**Student:** 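The structure is given below, and queries will be raised subsequently.
Since we're looking at a predicted model, the values are computed, not measured.
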Amino acid sequence: MQYDNPYHIDMGESSHRLRHRRTLSSTLVDDSVAAAAALVEKWHPDLQAASLFLHPDADDEPQRFLRAAADLHRAMLFFAHDATTSAGGHGLVEAQALLQTAMRRLDLELQLLLRDEQQLGLGLGKGNIIRAVADAMMAAGYGKECVSTFKSRRRAALAAELQSLLGGLSPSSAGDQFHKLSWDQLEDAGVIPTWVAAAPVAFDSLFAAEKDLCDAVFEAPVAEAVFAAVAADQAASLVGVAEAAVARARRAPERLFRVLDVHDALTESLPALLSVFGDSSEVAGRAALVVAKVGEATRGALTSLEAAIHKEPTKATAAGGAVHPLTRYVMNYLVFLADYQQGLAALLTCDDDGEDDDESSSSPGPRGIITTIIQERLVRALLGKLEAKAGSYKEVALSYLFLANNTQYVANKVAGSGRLRGILGEGWAEEQAAKARAHVDVYVRAAWAKVTAAMASSMTTTTTTPGGGEAAGVEQAVMAAVGMQDQWVAADEDTAHALRAAATAAVVPKYRMFYRRYGAAVKLTPGDVAAMIAALFTGPASKSNKDGDHTRL
């Protein structure tokens, strides 16, 4: 008995089966191409402008379209292996043409999805859709086109968002505009305050959201490159505004507060900036350099202010012993400066290279440095200059009125600023107020010296003849003293009240005793003298001394 060899292969049968499998595969591929063709034609990019993925009645068509694109790509690969035959060549051309149309459709979808007005707040669902479209394009060999479309759309969208935040100013032109406009024009246009408000939002929200979107759509290497292309130069332009602001500030004391605003906004944004762009990025390096430059600008501005106080002409006094403009300027400046205490401490405790100054344990801490600058340098320079100006008055009384007014103004400004009071010490303002009261006492003695001397002399004489020279001399001295003080002013109503009360206490009781003896020889009664004193320091000049206290420098 013979048995058939189980391993025997009929070559004719094998060839037939192979042709059958190829025919079956070709049929399946042809069917998938035909199905894909119908869907591609339905959503042809030249005929259908609405979004397939955002269409309310699309049902599962978006997913079927993505599968169709993948099928067309596989069909191309299939036909490429059989391109020598007429059927294979025709199938390859057809599949390739359909795939190109499908990619144009997906490119359009990408544009439509990225054009959404809530672009930077894309939800997880929208992000997944964009990722699916990008994956389909990249899998089909259209990654370059996908990335190009994504970058161009996102750059435009991010630029529009930044321009909106900056009040219509394009970040790329902001630095140039700084160099074309004067500082006053920049102030009037509100460019710096707008930037200060916009920068934290941009770095904390816009750029962070942009990076999240890139990470959601692309894999790590591609995502990093795409994000850099979309956002890096725009972030650098935004930092460029801060660079220009600091550079334009130079050493001008009146510009320091805007520079400190820029510093605070930038330091607030720095953690987000470093997180999004990385420590070694160009924008991070430029931001760190701006912070260091702010420190230099701060030191320069404060040194310039101190020098300006010392250079103030001593003979430039204030009419009527009023609060001097220098006093107002410096004290308003210090009140605002105290509001930046935390930022100043960070700036001034670093050396010129931006590193912490740890030279010795004897170095004052942050608060000590601020106190030293304000109290030991600026306030001391101001008080010294006021003392020198007081000596320029011809009338001794007016020089002490000037000191009383200005010292009281200084005390009031410190007492009214919790932060400045905290820097100088709780008792510092009261010490200055006590000095002001002492100046008032000296002022009263000097202003009414001739009156009190005349009354004292009249009380020692034995002459009681009505109309005697002693009586007339006292009355003349009173009129002269009142006339001398008629145009003199007080720092505020409280100071005016203190001046009147001190003069009344020093003069009226003694005049009353004088009047008892010489009343028949004089016209002025004690009531008249009291009323004349009460009328002093009540004019508009004294009441207007508060004007401008809160003007920003």
**Student:** Flag yes if more than 12 heavy atoms outside His310 fall under 6.0 Å of its NE2 atom; otherwise flag no.
**Tutor:**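 Check passes, neighbour count above 12.
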**Student:** Check this for me: does any side-chain nitrogen of one of Arg248 and Glu243 sit under 4.0 Å from a carboxylate oxygen of the other?
**Tutor:** no
**Student:** Could you list the residues that satisfy side-chain hydrogen bond (donor to acceptor under 3.5 Å, both in side chains) with Thr407, not counting sequence neighbours?
**Tutor:**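 Thr407 satisfies side-chain hydrogen bond (donor to acceptor under 3.5 Å, both in side chains) with no residue once adjacent residues are dropped.
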**Student:** Can a salt bridge be assigned to the pair Glu282 and Arg286 using a cut-off of 4.0 Å between side-chain N and carboxylate O?
**Tutor:**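 Looking at Glu282 and Arg286, the cut-off is met.
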**Student:** Using a strict 4.0 Å threshold on nitrogen-to-oxygen distance, state whether Arg421 and Glu426 make a salt bridge.
**Tutor:** yes
**Student:** Determine the sole option in Met513, Arg517, Lys510 for which the side-chain contact (heavy atoms from CB on, under 4.5 Å) test with Met455 is passed.
**Tutor:** Lys510
**Student:** Does a side-chain N-to-carboxylate-O contact under 4.0 Å join Asp441 and Arg445?
**Tutor:** no
**Student:** Crowded around Tyr400 OH? As in, over 12 foreign heavy atoms under 6.0 Å?
**Tutor:**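 Check fails, neighbour count at 12 or below.
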**Student:** Flag the pair Glu430 and Arg437 as a salt bridge only when some basic side-chain nitrogen lies within less than 4.0 angstrom of an acidic carboxylate oxygen.
**Tutor:** yes
**Student:** If I take atom OG1 from residue Thr267 and atom NE2 from residue His263, how far apart are they, to the nearest 0.5 angstrom?
**Tutor:** 4.5 Å
**Student:** Does the distance from a Lys or Arg side-chain N to an Asp or Glu carboxylate O, for Glu312 and Lys389, drop under 4.0 Å?
**Tutor:** yes
**Student:** Decide if atom CE of Met459 counts as having more than 12 heavy atoms of other residues, nucleotides or ligands within a radius under 6.0 Å.
**Tutor:** yes
**Student:** As an exercise, state the distance from CD of Gln341 to CD1 of Ile374, rounded to the nearest 0.5 Å.
**Tutor:** 7.5 Å
**Student:** Do the charged groups of Glu306 and Arg377 touch, with an N to O distance under 4.0 Å?
**Tutor:** yes
**Student:** Does a side-chain N-to-carboxylate-O contact under 4.0 Å join Asp528 and Lys523?
**Tutor:**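 Salt bridge: no.
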**Student:** Please report the interatomic distance CZ(Arg258) to CH2(Trp195), rounded to the nearest 0.5 Å.
**Tutor:**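 Result: 13.0 Å between the selected atoms.
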**Student:** Looking only at side-chain N and O atoms, does Tyr443 offer a donor or acceptor that is under 3.5 Å from a partner on Gln485?
**Tutor:**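 There is such a pair (donor and acceptor under 3.5 Å, judged by atom type) between the side chains of Gln485 and Tyr443.
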**Student:** Could you state the interatomic distance from CG (Asp261) to CD1 (Ile192), rounded to the nearest 0.5 Å?
**Tutor:**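 Those atoms lie 8.5 Å apart.
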